[in-house]
Amino acid sequence: MTAQFRIALAGNPNSGKTTLFNALTGSRQHVGNYPGVTVEKKEGVYRLENTTIDIVDLPGTYSLTAYSEEEVVARDFLIFEKPQVIVNIIDAANLERNLYLTTQFLELGIPVVIALNMIDAARDRGIEIKEDRLAEYLGVPVVPIIARTGFGTRKLMEETVRQAAKKKEWKPKSISYGEDIDSTLLVLEEKIIASNFLTDTYPGRWVAIKYLESDQQIISRGRKENAALSAELEKEVEAVSRHLLETMETYPEAMVADHRYGYIKGILQKGVISHKYDKDRLYTSDRIDKVLTNRFLGPLFMGLVLFGLYTFTFNYSELPVTWLESLFGQLSLLADHLLPDGQVKSLVISGIIDGVGGVLGFVPLIMFMFFGIAILEDSGYLARVAFMLDRIFRIFGLNGSSVMAYILSGGIAGGCAVPGVMATRTLRSPKERMATLLTAPFMNCGAKLPVLALFIGAFFSENKAQYMFFFTILSWTVALVLAKLLRVTVLRGESTPFVLELPPYRFPTLKGLIIHTWEKTWQYIKKAGTVILGISIIIWAMMTYPGLPAKDKERFALQRQEIEAAYPAQSVAGGNMAVSEQEVAERARLLAEINRAEAGMALRYSMAGRIGIALEKVSFLAGFDWRTNIALIGGVAAKEVILSTLGTAYSLGGDQEGNVSLGQVLAADPDWNPVKALSVLLFISYYAPCFVTVICITREAGSWKWGAFSMIFNTVFAFLLAILVYQLGSLFY
Ligand code: GDP
Ligand code: MG
C-alpha cells in the first residue's frame, strides 16, 4: 500500500533549505513559478519505503507578515493548499532569530516538524542545544540534522510521515502579547467568530492578530467580505494603537514582535541552549536577567521589590488617605447642617457619604499601589516574576501561565479576578486551567485591598507593610495548596510544559506610568460611583426598613422629654436661670445616649439586622457579630461593599459621629479586638468570590456548577479557617 503526503519546507533564508531540498529530492524536482508572481516555486518528491512525499520548497522568509511577496506566497500556500505538515528548517547557530518564524507557524496552528540544521556549525561555535527540551516547550517534534552531509535527514522524514499520518487538526497556539493587546484581541476575536468573518479560511484569533499588525492583505480581504465589521475592527485597533503609543511609545506590531521574541526567550531560558564560550552574546536584557532571575539572587530581589512596594504604598498614602477621610467627615457634617432630619438625611449621610465615602477614601492608596505595579509591569519585571515562580507552581500541579492569572487577580495586590480568570485562556491543559481559575479569586484584588487596609490600619497599625506582605504570601500559599488539593482530587491529570513570554526590559515612561495608574484608579472610582453606590443604597434601605414600631419610638421620645425637662436648655429658661456648663454637657450626653440606643435598636430591627442576627447563631464560632455578617453578605455583590456596609451600619447605628473614620470607630469599639479582626480578614480574603467573578468562572468553565462550586467551596474553607484562628487566638488573647 502506498500513501501520499504533501509537505512544505520552510525556513529563514540561509538556513540550509536548498541544501536539504536537494539532499531529499535529488534530481526528482521541477521548478516553476507561483501564479502571478515572479517567486520561484520548487517541488520535488521523496520516497520513504511505500510512502511518496511531495515536497514544496517555500521561499525563504523571516516572518509571515505581508511585507514582501515571498511572505505572502508562503502564507497563502500554507493556508490555501493546506500541506499536511510543514518542515521548518532552523539554523541551530541562530536559534533565537530562526524561531521567530516558527512561532508564527504555531500561531497559525499548522502541524510543524522542526529540522534543527547546522548542528555541526553550532557545535563548532560552542553552542549546544537540547533538542528534546526544545521539542517539549514548543510542543512539536525536533530532529537535529546536518543537511550538507545528510545526517539525520532520514529520521527527519520518518518523523514527518508519522506526523502527516496523524492528520491533525490545525491547532493555533495563543501567545500573550501583554495586557493591552490581549484584551483587545479577545474583543476582536469574539466579533470575528460571531460573524464568521474570514474564519472559513483563517483561524479567528489569527485574523485578529493580523488586524492588530495592520496586515494590508488581510484587511483588504476583510473589507471586501464585510466592510462594516472590518471598519469596526480597525477602529478597535486604532484605539489600542493610540493607547500603546501614549503609554509605551510603541506600536501593536512592535509589541507583538516583542512578545514573540519574549516567548522564544522564555523557551531558551529553560536550559534549551548552552554556550560553551561566553561570547558577546549577552545583550543588556540578558545581562540584567543574569542577576534578576538568578536562582538565588532572583527570589531575594523579588521579595525586596514586593516589600518595597508595600512600604511605599502604605507609608506614603497614609497622609492623603486621612485627608480624604476628613473631607468625607466634613461633608457629613455639612449635610447634617443643611438637611432637615428624616429619611433623606439618613440616606445621604449614612447611605451615600459614609457608604461610598468609605470606599473612595482609599483612592490614594489604590493609586500608589497601581503606580508601583505599573513600574513593575511596564519595565518588564512582572514577566520575570512569573518566570521565577514557574518552578514552584509546578510542584502544586499548576502551570507557569497560572502565575500571570494570579498576578492579574491581585497576586501583588490590586488586580481583579475577572481578567485573572479570563487570562487562564492561555493555559492549554483544561485541568490546570480549571485549577487556576478556581484559585485565582483568592488573591487580594483591588476591592479587597481597602478592606485589608482598613482592618490592618485599625488593629495592626504598627506594622502595616509587614502585615500586607504577610497577607500576600498567605494568599499565594492558600491558593497553591488548594490548587494542589483540586489537582489530586477532582482535577487530577498530567501537567503540560509551558513557556512564558519574556519581553525585553524597557525604561517605563513617566507618561505611561501615569496613564496606567490613572486608568485603573479611575475604574475603581467609577465602580464606587455606580455599582457600589447602587448597592449601598439598597443595603441602606435594608438597614433602615422597617423602622421601629410606634410604641418603641414613643418610649424613646418620652425618655428624651424627661431629660429635656430635667436639664432645661438656656433658651428655654428665658434668660433668667443660670445653667452651668456641666449641665449643658450632661444634657447633650444623655440625649446622645438615647439616640444611640434608639438607632442601635432600629438597626437590629431592620431587615438586614435580622438577617445578621439570625446568622450570629453560626457566625459566633468565628467571632463575627451581626453587623459584620451584614457586611459580608453585601460583599458577595462586590467586595468594596464590605467597607460601605460597615460604614453605613456604624453610621446608622449611631456609633460613627462627625469627623471620625470607620477605622477609628472599629479600633475604639470594645466588641472588636485584633483576634476578631484577623478572623474577619481571613474570611474576607478567601470566601465566595464576588458576583461578577462567579459569572465569569461559570462562563469560562462552561458550567454553572463550577460557579456554584467556587462559592460554596471557598466560603466553607474560609469559614473553617476563620473559626480555627478565632478559637485558637481567643485562647491566647
Ligand atoms: P537557503 O538559503 O536556506 O536555501 O540555504 P542554503 O541551502 O543555500 O545554505 C546556505 C549555506 O549553508 C550554504 O553555504 C550551505 O552549504 C550551508 N549549509 C547548509 N546546511 C549546512 C549544514 O548542515 N552544516 C553546515 N556547516 N553548513 C550548511
Ligand atoms: Mg535557497
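All values reported here derive from a predicted model rather than from experimental measurement.
Between Leu480 and Ile395 the shortest side-chain heavy-atom distance does not fall below 4.5 Å. Annotation: side chain of Leu482 is in contact with side chain of Leu485 (closest heavy-atom distance under 4.5 Å). Side-chain contact between Glu179 and Leu408 is present, with heavy atoms from C-beta onward closer than 4.5 Å. Looking at Val272 and Ile129, their side chains come closer than 4.5 Å, going by heavy atoms from C-beta outward. Residues Leu615 and Ile633 are in side-chain contact: their nearest non-hydrogen atoms beyond the backbone lie under 4.5 Å apart. In this structure, the side chains of Gln269 and Asp289 come closer than 4.5 Å at one or more pairs of heavy atoms. Residues Tyr263 and Leu138 have side chains in contact (heavy-atom distance under 4.5 Å, counting atoms from C-beta outward).
Taking the charged nitrogens against the carboxylate oxygens, Lys270 and Asp390 do have a contact shorter than 4.0 Å, which makes a salt bridge. Between Glu136 and Arg133, none of the side-chain N atoms (NZ, or NE/NH1/NH2) sits under 4.0 Å from a carboxylate O, so this pair counts as no salt bridge. Using a cutoff of 4.0 Å between basic side-chain nitrogens and carboxylate oxygens, Arg699 and Glu190 are not scored as salt-bridged.
No side-chain donor-acceptor contact under 3.5 Å links Trp706 to the backbone of Ile697. A donor-acceptor contact shorter than 3.5 Å links the side chain of Tyr687 to the backbone of Leu632. Side chain of Thr424 to main chain of Arg433: no donor-acceptor pair is present (N/O by atom type, distance under 3.5 Å, no hydrogens or angles). Side chain of Lys431 to backbone of Arg492: a donor-acceptor contact under 3.5 angstrom is found. Listed for the Arg260 side chain is no donor-acceptor partner under 3.5 Å among the backbone atoms of Tyr100. Formation of a donor-acceptor pair under 3.5 Å by the Lys464 side chain with backbone atoms of Ile456 is not found in this model. One N or O on the side chain of Gln727 and one on the backbone of Leu621 form a donor-acceptor pair closer than 3.5 Å.
Between the side chains of Thr439 and Tyr406, a donor-acceptor pair is found at a separation under 3.5 Å. At a cut-off of 3.5 Å, with distance as the only test, no side-chain donor of Gln523 or Glu519 sits close to an acceptor on the other residue.
Rounded to the nearest 0.5 angstrom, Leu452 CG and Ile684 CD1 are separated by 7.5 Å. To the nearest 0.5 angstrom, Ser379 atom OG is 9.5 Å from Ile288 atom CD1. Note that CG of Asp378 is 5.0 Å distant from NE2 of His516, once rounded to the nearest 0.5 Å. Glu640 CD to Thr645 OG1: the interatomic distance, rounded to the nearest 0.5 Å, is 11.0 Å. Taking CZ from Phe442 and OG1 from Thr477, the interatomic distance works out to 12.5 Å, rounded to the nearest 0.5 Å.
Relative orientation of the Tyr202 and Trp206 rings is parallel, given thresholds of 30° and 60° on the angle between their planes. Under the 30°/60° scheme for interplanar angles, the aromatic rings of Phe301 and Tyr381 are found to stand perpendicular.
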Problem set entry | Chi angles and distances behind the side chain to side chain contact (heavy atoms under 4.5 Å, CB included) call for Leu268, Leu99 | CA-CA 10 Å; Leu268 299 187; Leu99 283 175; 4.2 Å; yes
For this session: Tell me, with the steps shown, if Phe683 and Thr628 meet side chain to side chain contact (heavy atoms under 4.5 Å, CB included).
Result: CA-CA 11 Å; Phe683 185 79; Thr628 311; over 6 Å; no
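Summarising the local packing, CH2 of Trp170 is surrounded by more than 12 heavy atoms from other residues, nucleotides or ligands at distances under 6.0 Å.
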